[in-house]
Amino acid sequence: MYFLTVRGDTRTARDLAQDALTRRRAAYGQDADATVSAMEHLARAEVQLGNYRAAVELDEHVIARRSRLGHEHPDRVTAKLNLASDLMALAANTAGPSARAARRALRLERWIVAVRTRQLGHGHKDTLLAQYNPALLLRSRRELFDALPLHRTVYEGLVEVLGTDRPDTLRAAHGYALALRDSGEGEAARDLNADIHRHRLHVLGPDHPDVLRSAYSHAYDLRACGDRDSARELLQDAYERGRNVLGEDHPDTIRLGHWPAVVLRETGRADRAEPLIADVHRRRRRGLGDTHLDTLRTAAAPAALLRESGDSKRALVLEREVARLLPLQLHRGARTDRTTAFHGSPAWNPGA
């Protein structure tokens with residue numbers, strides 16, 4: 001299943017993980033180590049497909065069944081790391097009590113960092129990975145003064161411990177690049193994003209979800225530099241791959257679909273942009289709700305298209321609704337350009 005996920009075949013990986021869990025429950029029972037390990041694998045597959053609530057429920061089951069190991073047993077700490085990471089994804093990508101999920105995630109992450117620092121030391125790979133998720137949360141809350149040095153510490157530490165081409169190092173580099181961009185260091189962010197995308201293509205292949213995310217960031221930078229044609233081509237390719245690999249309703253696929261439409265409109269191709277942005281907006285409303293920041297940003301694009309086509313009355317109605325809700329959502333600190341949180345590896349089990 002791991003190799004299917006690395007290749008980007010996330011739906012097959014999820015189906016196999018679900019089948020393995022069903023078989024192990026029947027063979028060994030709900031609380032057996034082999035069954036709990038299968039739950040962990042299924043939760044990771046659900047995250048790749050954007051099924052964050054399902055992943056959180058599985059994480060809770062794993063933690064409950066690992067309680068007999070002790071409060072700070074490594075396998076239980078890993079299970080709590082996975083829960084915190086999935087709560088972060090749930091807060092960022094779904095409608096509902098996102099602030100509560102984010103607060104719970106931050107409490108868990110701080111506890112995990114303290115435990116791993118005490119058990120493993122500051123420079124251990126697992127301690128560095130545990131620090132990455134709090135850095136993401138700080139960045140999402142615009143606390144860049146604290147987020148940027150923490151991202152740098154994690155990235156540089158993983159380069160020293162793992163090397164530059166390992167997937168974990170590249171994911172940490174992506175987070176660091178986004179923090180650099182948010183902090184106003186655009187040139188450094190662009191160079192790092194381009195380097196990350198090249199390395200990920202070489203290491204993971206073009207269909208891996210991490211490659212699609214770095215394509216998004218690299219295209220964003222190309223657009224900011226004025227190279228809209230290259231940005232559009234990169235985004236359209238990533239969007240088509242995302243639809244095939246992740247599915248049309250995955251948050252990353254929808255995000256990839258939004259930006260080709262924006263670039264098409266900017267290059268005078270509003271007729272091609274309109275159906276794409278309408279489809280993206282419909283999917284975001286269904287998945288995130290009408291008041292999520294990503295939905296509101298997508299709603300602003302149809303308003304612009306309506307105004308350009310001469311329908312200023314309908315455009316004004318939509319613009320007023322976006323203007324009413326957008327300041328509240330910006331205050332909550334939602335982000336649109338994201339990297340993914342780190343998860344712990346499922347505990348090793350001979351039947352896994």
Side-chain angles (χ1 to χ4, degrees), residues 5-11 13 44-52 55 85-86 88-93 129 132-133 135-137 139-140 151 154-155 158 165-182 189-224 230-260 262-263 280 284 287 294 297 334-343:
T5 302
V6 168
R7 285 169 46 198
D9 193 354
T10 51
R11 281 178 283 189
R44 303 287 60 77
E46 295 287 12
V47 167
Q48 288 289 353
L49 289 170
N51 301 330
Y52 303 115
S85 301
D86 296 342
M88 288 170 59
L90 181 67
N93 291 293
L129 296 180
Y132 179 78
N133 293 352
L136 284 185
L137 280 169
R139 174 180 167 260
S140 73
H151 271 295
V154 173
Y155 170 54
L158 289 175
D165 282 348
R166 290 290 295 273
D168 284 347
T169 306
L170 292 170
R171 189 171 299 180
H174 191 199
Y176 179 40
L178 300 184
L180 284 169
R181 182 200 292 164
D182 288 350
R190 286 193 298 272
D191 291 344
L192 186 53
N193 269 327
D195 190 53
I196 293 163
H197 189 55
R198 284 194 299 271
H199 280 287
R200 278 180 164 172
L201 275 171
H202 174 70
V203 173
L204 301 173
D207 289 334
H208 191 279
D210 283 354
V211 176
L212 302 180
R213 294 181 187 109
S214 60
Y216 173 87
S217 294
H218 184 38
Y220 185 99
D221 292 334
L222 289 171
R223 172 178 171 265
S230 296
R232 176 177 50 78
E233 291 173 6
L234 184 58
L235 286 165
Q236 286 182 330
D237 177 71
Y239 177 52
E240 292 303 320
R241 293 180 186 277
R243 291 174 65 185
N244 293 330
V245 172
L246 302 173
E248 292 189 342
D249 290 329
H250 191 283
D252 286 349
T253 305
I254 295 171
R255 195 172 299 120
L256 286 165
H258 171 79
W259 281 104
V262 171
V263 178
V280 169
R284 277 184 166 165
D294 285 352
R297 283 180 167 156
R335 303 290 303 159
T336 56
D337 190 0
R338 305 183 184 94
T339 186
T340 51
F342 275 115
H343 294 84

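Note that this is a predicted model, so its numbers are computed, not measured. Hydrogens, waters and symmetry mates play no part in the numbers below; they use all other heavy atoms, side chains included.
What you find for Ile196 and Ser214 is that their closest heavy atoms are CG2-CB, 4.1 Å. When every heavy atom of Val211 is checked against every heavy atom of Gly205, the shortest pair comes out as CG2-O, 3.1 Å. Minimum heavy-atom separation, Val154 to Ala172: CG1-CB, 4.1 Å. Nearest heavy-atom pair across Ala189 and Ala177 is CB-O, 3.3 Å. For the residue pair His174 and Ser217, the shortest heavy atom distance occurs at NE2-OG, 2.7 Å.
Partners of Asp195 under the salt bridge (charged side-chain N to carboxylate O under 4.0 Å, His left out) rule, at least two apart in sequence or in another chain, are Arg198. Residues passing the side chain to side chain donor-acceptor pair (under 3.5 Å) test with Thr253: none are found, sequence neighbours excluded. Here Asp165 pairs with His199 under the side chain to side chain donor-acceptor pair (under 3.5 Å) rule; sequence neighbours left out. In terms of the side chain to side chain donor-acceptor pair (under 3.5 Å) criterion, His218 has no residue partners (sequence neighbours excluded). Asp221 is linked by a side chain to side chain contact (heavy atoms under 4.5 Å, CB included) to Arg181, Arg190, Asn193, counting only residues two or more places apart in sequence or in another chain.
The NE2 atom of His197 sits 12.0 Å away from the CG atom of Asp210 when rounded to the nearest 0.5 Å. The CG atom of Leu256 lies 8.0 Å from the OH atom of Tyr216; values are rounded to the nearest 0.5 Å. Remark: Tyr176 OH to Leu170 CG distance equals 15.0 Å, nearest 0.5 Å. Interatomic distance, Arg139 CZ to His151 NE2, rounded to the nearest 0.5 Å: 6.5 Å. Atom OG1 in Thr169 sits 8.0 Å away from atom OH in Tyr155 (nearest 0.5 Å).
With contacts defined as side-chain heavy-atom distances shorter than 4.5 Å, the pair Leu212/Leu246 qualifies. In this structure, the side chains of Arg166 and Leu158 stay at 4.5 Å or more apart for every pair of heavy atoms.
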Counting only pairs under 3.5 Å, give me each side-chain donor-acceptor contact of residues 231-239, with atom names and distances, residues two or more places apart or in other chains.
unit_1	atom_1	unit_2	atom_2	d
Asp237	OD1	Arg241	NE	3.4
Asp237	OD2	Arg241	NE	3.0

Kindly indicate, with the supporting measurements, whether the criterion side chain to side chain contact (heavy atoms under 4.5 Å, CB included) is fulfilled by Leu192 and Leu180.
-> CA-CA 9 Å; Leu192 186 53; Leu180 284 169; 4.2 Å; yes

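Looking at Asp168 and Arg171, no side-chain N of the basic residue comes within less than 4.0 Å of a carboxylate O on the acidic one, giving no salt bridge.
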